[in-house]
Amino acid sequence: MNLGDLLLRLAFLLTLPAGFLLLRDLRGRRSPASADWLLGLHTAALVAAMALLWGLFLAHRFEYAYVAEYSSRALSPALTFAAAWAGQEGSILLWAVLGALVALALLREPGSLSRGATFFAVLGQFALLLLLMVRSPFRTFPFAPPDGQGLNPLLQDPWMVVHPPVLFAGYAVMMAPFALAGAGLVSGAWREWNRSVWPWTLLAVCTLGAGIALGGIWAYKVLGWGGYWGWDPVENASLVPWLVAVALLHGLFIQKTTGALVRTNLLLAMLGWLTVMGGTYLTRSGVLQDFSVHSFADSGLNLPLVLILAASLALAVGLLAWRWRRIESRPTRWTGLSRESALWLGLITVLLFAAMVVFGTTAPLLTALSGRPAGVQPSFYESMSVPLGAIAVVVMAVAPALRWSRQASLGWLVALLPGFVGAVLALAGALVGGVRAPSHLTLISTAGLALGINLWMTVRLFRRGWSYGAGYLGHAGLAVMILGMVMSTALGRTRRLSLPVGEPRQALGYTLTYEGEKIDDRGGHVLAVHVTAKGWSFEARPELLEVPRQGTMRKPAISGRRELYLSPVDVRDEAFEPGVLEPQPAATGAGFAVVDFSTKPLVNLVWIGALVTLLGSILAGVRRAIQVRPGPGVPREAGTPERQEARQPTG
């Protein structure tokens with residue numbers, strides 16, 4: 001047994017006594033200090049194992065199978081470092097390290113529920129370590145190969161260093177709401193859990209959202225299909241937990257303000273972790289390997305993942321069923337016109353969207369029951385996301401203008417005036433730009449409505465302090481993202497061109513000249529294309545590379561300033577012109593490059609909006625913006641609507 005396996009087994013075994021001792025906290029008694037020490041040793045063992053794995057990669061220790069499979073001597077130090085989480089085993093180890101840090105943070109957090117919640121976090125650690133017992137990253141060969149197989153070319157990008165750790169941090173944080181809900185149900189302290197779970201839920205929204213955004217940027221800049229989201233099962237596996245976390249965040253807002261939705265929020269906290277584990281099963285068990293370009297093949301983890309998912313589901317259902325009738329909660333006022341009913345509608349819309357994504361992702365498994373497995377097309381998701389997205393954006397626009405109780409007059413419409421201005425400006429800009437599709441115009445106008453009212457609320461509340469309008473700033477950023485998504489889709493244009501060497505071609509207001517190709521050290525074809533417009537030029541260097549078992553990789557060339565996207569398609573000796581049946585020889589005899597040339601107007605708004613949304617979420621977390629005093633007859637975590645309305649000014 002090598003040192004790495006020894007550290008993993010030590011970490012695995014330490015979860016057993018640590019969990020046993022932490023059971024005392026669930027029963028209302030303080031666990032001994034040895035529980036803290038055991039969890040600390042568990043974390044130290046995992047950190048040491050991760051550091052050791054990094055050391056093996058950087059030292060090119062190819063006698064370790066995992067190192068040989070995912071690295072080579074040709075990789076840069078940064079990519080060699082990041083290759084440690086390129087495969088199943090290393091990414092699970094990274095997740096376990098981050099999960100251990102979350103468990104330690106829970107253990108040291110003040111409050112009556114945090115230590116009891118750590119017991120459930122330790123159960124999560126037990127599950128992750130069980131996977132590493134089945135599939136260890138420290139397996140060895142009987143001999144050391146002279147070099148490794150290298151990292152998949154699709155992963156040889158600087159985003160590989162950043163995106164996976166942020167995403168797995170989000171997965172690790174999703175355990176905290178589950179653990180706190182479990183502790184609240186066992187101890188009967190569901191009135192108090194809101195205060196503890198709020199910052200963890202916000203952190204999950206931030207980290208998972210940042211990981212998803214980074215993944216979108218990575219896909220846009222590395223995969224030459226021209227987009228940043230392809231509804232791949234691996235993408236959906238991160239989107240669904242994020243949507244559940246967003247729904248929980250707004251449910252906690254309602255609970256803290258009015259005392260409603262206690263049961264719903266406990267259910268959502270449990271559901272968040274279940275969707276993480278469900279997505280893990282779908283993408284790591286091999287069941288969707290024929291329907292995803294990112295998911296892992298079966299490596300022996302199918303049965304352990306099924307058992308972990310089943311045990312998590314049984315635990316959640318059992319705890320909720322045990323306490324369900326005893327949970328006190330004020331009925332939700334979901335009818336009528338109020339901020340509470342608007343937020344409730346938004347919460348339901350987000351959950352419906354999540355359910356739609358789950359259905360589409362699991363379609364291959366459902367259709368397999370008939371003997372003919374088939375996945376859904378992206379058009380399925382797009383047809384559902386447009387109406388649900390429009391409803392969610394309208395709620396995001398209207399809710400800030402409403403009071404928590406019923407509206408006494410139509411004065412709330414006056415509060416929407418900045419939103420109406422934003423909607424008119426966005427709609428006018430879209431029409432002038434050439435947008436005509438009713439679905440696009442609907443989303444653009446509603447996003448403008450949301451942007452206008454949320455920007456107005458942000459500026460108004462920022463006058464009281466730098467973080468008072470943080471939540472509205474996050475919503476404004478989300479509206480900007482939606483505008484960027486819709487406008488770039490509606491106004492974008494694409495032309496497929498066959499470019500002879502040295503012969504300029506005109507397309508979409510630009511002149512493209514193919515200047516030849518060169519073969520790089522990976523065997524890829526790097527095309528030299530000179531793109532010009534009046535007073536401006538761009539040296540594009542897209543690349544075509546054959547990737548074993550995955551086909552041709554098309555790395556685009558992107559001009560962020562002009563929002564241009566040049567994706568290579570083929571390099572050939574004869575031209576292919578649309579509508580021409582016979583190949584045409586090149587005038588120079590030097591061959592042709594076939595490219596897809598696209599304009600992506602306002603696509604940069606997607607990245608800007610994501611950054612603003614993250615900034616608003618961080619500011620909201622710093623201040624823990626939801627702070628109300630309990631009123632008479634209302635659960636401790638909630639103030640009366642009358643008091644809250646004095647603290648929540650409308651437009």
Side-chain angles (χ1 to χ4, degrees), residues 1-14 40-101 125 128-169 172 214 218 222 284 294 296-297 299-301 520-524 545 547-550:
M1 182 186 301
N2 56 54
L3 178 59
D5 282 329
L6 183 62
L7 289 169
L8 291 182
R9 293 191 183 188
L10 176 62
F12 177 69
L13 293 174
L14 286 171
L41 288 173
H42 165 83
T43 305
L46 286 174
V47 170
M50 192 74 228
L52 176 62
L53 187 61
W54 278 323
L56 296 176
F57 269 89
L58 293 172
H60 303 304
R61 297 286 299 276
F62 298 123
E63 69 268 27
Y64 288 86
Y66 184 71
V67 177
E69 289 170 0
Y70 291 98
S71 71
S72 67
R73 299 183 186 278
L75 285 181
S76 67
L79 286 177
T80 302
F81 178 85
W85 48 69
Q88 287 262 43
E89 303 92 317
S91 57
I92 294 174
L93 177 56
L94 174 66
W95 186 358
V97 171
L98 295 169
L101 296 175
Q125 289 299 103
L128 294 177
L129 267 296
L130 180 62
L131 297 178
L132 291 176
M133 294 298 100
V134 176
R135 189 79 178 176
S136 169
F138 297 104
R139 293 175 292 111
T140 57
F141 289 133
F143 60 91
D147 201 355
Q149 299 177 18
L151 190 63
N152 188 318
L154 294 173
L155 304 180
Q156 294 183 30
D157 189 86
W159 292 110
M160 179 65 183
V161 182
V162 182
H163 165 61
V166 175
L167 192 66
F168 281 105
L214 290 173
W218 188 0
V222 174
R284 291 179 179 271
H294 301 299
F296 293 99
S299 58
L301 296 182
D520 64 12
D521 53 5
R522 300 186 299 176
L545 178 65
V547 181
R549 300 184 300 276
Q550 293 191 13

Residue pair [X] / [Y]: nearest heavy atoms and the distance that separates them:
X	Y	answer
Ala83	Ser71	CB-CB, 4.4 Å
Pro165	Leu94	CA-CD2, 3.9 Å
Leu155	Ala86	CD1-CB, 4.1 Å
His42	Leu129	CE1-CD2, 4.1 Å
Leu93	Pro137	CD2-CG, 4.3 Å
Ala96	Leu46	O-CD1, 3.6 Å

[X] side chain to [Y] backbone, donor-acceptor under 3.5 Å:
X	Y	value
Asp147	Arg73	yes
Glu69	Gln149	no
Asp157	Met160	no
Arg284	Ile92	no
Gln156	Leu151	yes
Tyr66	Ala84	yes
His163	Leu214	no

Student check: side-chain heavy atoms of [X] and [Y] closer than 4.5 Å:
X	Y	answer
Leu52	Phe138	yes
Met133	Phe12	yes
Ser91	Phe168	yes

> Using the ring of each side chain (for Trp, its six-membered ring), is Trp85 parallel, tilted or perpendicular to Phe81, with breaks at 30° and 60°?
Replying inline: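 The rings of Trp85 and Phe81 stand perpendicular, inter-plane angle above 60°.
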
> Hey, what do you get for CG (Leu8) to CG (Leu3), rounding to the nearest 0.5 Å?
Replying inline: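 Separation between the atoms: 9.5 Å.
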
>> Quick check for you: to the nearest 0.5 Å, what is the distance between Leu301 atom CG and Gln88 atom CD?
In response: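 Here the interatomic distance stands at 5.0 Å.
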
>> Would you say the rings of Phe57 and Tyr70 are close, in the sense that their centroids are separated by under 6.0 Å?
In response: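 Not under 6.0 Å, so no.
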
>> Show, in sequence, the C-alpha distance, side-chain angles and deciding distance for Ser136 and Asp5, and conclude whether the side-chain hydrogen bond (donor to acceptor under 3.5 Å, both in side chains) test is met.
In response: CA-CA 7 Å; Ser136 169; Asp5 282 329; 2.5 Å; yes

